[in-house]
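The structure presented is a predicted model; accordingly, all values stated were derived computationally and were not measured. The analysis underlying the following values was restricted to heavy atoms, covering all of them including side chains, and did not include hydrogens, waters or symmetry mates. Proteins come first, then strands; the chains are lettered A, B, ... in the order of their sequence lines, and each starts at number 1.
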Protein chains: 2
Amino acid sequence: MSLRHGLLGLLAEGPASGYDLARRFSQALGSVWPAQHPQIYSELVRLEAAGLIEVESTGPRRRKAYRITDAGLTEVRRWLAEVDVDHTFRMEVLFRAYFYWLMEPEDLKAHLAAEQRFFAETAAALRGYADTKDRGEWGTSKQTRAMRIALEAGVRINEALAGWAQWAQETDVMTAEDFGTAKPDDGGGEPA
Amino acid sequence: MSLRHGLLGLLAEGPASGYDLARRFSQALGSVWPAQHPQIYSELVRLEAAGLIEVESTGPRRRKAYRITDAGLTEVRRWLAEVDVDHTFRMEVLFRAYFYWLMEPEDLKAHLAAEQRFFAETAAALRGYADTKDRGEWGTSKQTRAMRIALEAGVRINEALAGWAQWAQETDVMTAEDFGTAKPDDGGGEPA
DNA sequence: GAACGACATGTAGCTTTCGACATGTCATCG
DNA sequence: CGATGACATGTCGAAAGCTACATGTCGTTC
């Protein structure tokens, strides 16, 4: 239930509406933890019922802003301090790599080139954004600094994957004579 | 529905039982796309009903091995060639980073040190495994070579994250005077 | 004043995924 | 021959998450 704690964490920065939170998730946050608005609105209802958040104000266009309660703040801190980090991740890009041998060599080349471009562009965009933080354009609040740390991870991962895609194109592992041809031979196997 | 195609991809390497496939997912594959056995067994039933796989043999202990059909092979190839890659990923480690400002500085230090250790160890383990592939201990089949490419991505990501965790510990972003103290001030904000 | 687009919140139904429970098979070792 | 542990397959129900649908508000612009 990471979404629950993510919403609490965002509300710890200050009151926000479901719409605000959904926007946050559609931006940087959404690239490490996707969430759509129906999920957010219904989780907010549950959080309110649990007393972890409360309605702060109602604005125009039936806007409803929530504020985190003391219990909510305690809960998100407990999560950060006590709950073990789940190190597994879900990443279709890498998942597909296990099946590259089924692709036609030309398709694979094109695919890897596109991936390299994508990751390099994403890394550059994140790097540019990180630079604005370093220039102090967002202030120096602790939230901004935490976001800067998260951003750095995004930059490094995307750079790493751009490098990987380039390496894969250059390496002969995929250009060897029989690569990408049709029928299965025997498996590769994996260790524990 | 990536699991569906993942199972087809694994079965393209050769016949396997649900138990075999679950073991594959509990190893390297599971760190980029987690899947438990109930999901695998029920997906296999659906795949068989769709004619994409068929029962190859039944062995001892009511073992049931499946084989991919021509339709299944076509389908997994279609997926690889035609379906757009979903570049979003789900990664709790990074998600948490957005909320680091809520942690006590000492807890955060310890957390980052543990993360660095974890990623460095994982990277080293994967690197060692990749080396055995490079020494040809698993043969030179196309599957092995594709797995080598996937493995390289795992190595690079884990190295990148180990470097990130180290950087975060060394950077003053988190050691600045007010970092990690209790109450919200004002938000950092995010761009589109 | 009509149309449009951004703001804003929700419901319904479906698929995916997970944890817990349940069962049966076979080899090995004491 | 009984216990243990790895092998092997499943069911059930709940939670999580997604897509599509539905509705309403407000400011701007033609």
Side-chain angles (χ1 to χ4, degrees), chain A residues 1-8 10-11 15-27 29-50 53 55-66 79 83-84 86-92 95 192, chain B residues 1-8 10-11 15-27 29-50 53 55-66 79 83-84 86-92 95 192:
Chain A
M1 283 206 292
S2 287
L3 177 65
R4 187 183 187 91
H5 295 108
L7 292 173
L8 286 175
L10 289 178
L11 286 171
S17 68
Y19 191 81
D20 296 335
L21 296 166
R23 223 174 32 229
R24 294 289 295 275
F25 271 91
S26 77
Q27 294 158 358
L29 222 73
S31 67
V32 295
W33 201 273
Q36 269 66 43
H37 80 264
Q39 209 190 337
I40 291 168
Y41 284 116
S42 56
E43 191 61 46
L44 287 172
V45 169
R46 278 193 290 270
L47 282 167
E48 192 188 4
I53 61 173
V55 175
E56 182 233 12
S57 64
T58 51
R61 302 174 200 192
R62 56 197 185 129
R63 174 193 170 87
K64 211 163 52 174
Y66 291 94
W79 171 62
V83 178
D84 284 340
D86 178 4
H87 284 99
T88 64
F89 46 89
R90 211 170 273 269
M91 208 171 192
E92 210 203 276
F95 186 57
Chain B
M1 282 208 291
S2 286
L3 177 65
R4 188 184 186 90
H5 295 108
L7 292 173
L8 286 175
L10 289 178
L11 286 170
S17 67
Y19 191 81
D20 296 334
L21 296 166
R23 225 176 28 230
R24 294 289 297 273
F25 271 90
S26 75
Q27 294 157 358
L29 229 89
S31 67
V32 295
W33 200 273
Q36 268 64 43
H37 79 266
Q39 208 190 338
I40 290 168
Y41 284 117
S42 58
E43 191 61 47
L44 286 172
V45 169
R46 279 193 289 271
L47 282 167
E48 191 187 5
I53 62 173
V55 175
E56 182 233 13
S57 63
T58 51
R61 304 173 199 193
R62 50 194 190 134
R63 173 193 172 87
K64 211 162 57 175
Y66 291 93
W79 172 63
V83 178
D84 284 339
D86 177 4
H87 283 99
T88 64
F89 48 89
R90 210 171 272 268
M91 208 170 193
E92 210 204 275
F95 187 57

Next on the checklist: Counting primed atoms plus P, OP1 and OP2 as sugar-phosphate and everything else as base, spell out the protein contacts along nucleotides 13-25 of chain C at 4.0 Å heavy-atom distance: B, S or - for each nucleotide, 5' to 3'.
Outcome noted: ---SSSBB--B-B

Checklist entry - Can you tell me how far P of dT11(D) sits from CG of Leu44(B), to the nearest Å? => result 12 Å

Checklist entry - Is there a side-chain polar atom (N or O) of Tyr19(B) under 4.0 Å from OP1 or OP2 of dC7(D)? => result yes

Checklist entry - So, are Arg63(B) and Asp20(B) salt-bridged, with charged N and O less than 4.0 Å apart? => result yes

Checklist outcome for this item: Shortest non-hydrogen pair, Gly18(A) vs Leu44(A), comes out as CA-CD1, 3.6 Å

Item to check | Distance, rounded to the nearest Å, where Ile40(A) contributes CD1 and dT19(D) contributes C1' | outcome: 15 Å

Checklist entry - In whole Å, what is the span from the CZ atom of Arg4(A) to the P atom of dA16(D)? => result 8 Å

Checklist outcome for this item: Rounded to whole Å, CG of Leu21(A) lies from P of dG10(C) at a distance of 12 Å

Checklist entry - Where is the tightest heavy-atom contact between Leu3(A) and Trp33(A), given as atom of each residue plus distance? => result N-NE1, 4.1 Å

Next on the checklist: Using 30° and 60° as the class boundaries, would you call the ring planes of Phe25(A) and Phe95(B) parallel, tilted or perpendicular?
Outcome noted: tilted

Item to check | Least distance between heavy atoms, Gln39(A) atom then Ala35(A) atom | outcome: OE1-CA, 4.0 Å

Item to check | Nucleotide dC7(D), atom P - distance to CZ of Arg23(B) in whole Å | outcome: 6 Å

Checklist entry - Taking all non-hydrogen atoms of both residues, which atom of Arg24(B) and which atom of Leu29(B) are closest, and how far apart? => result O-CB, 3.5 Å

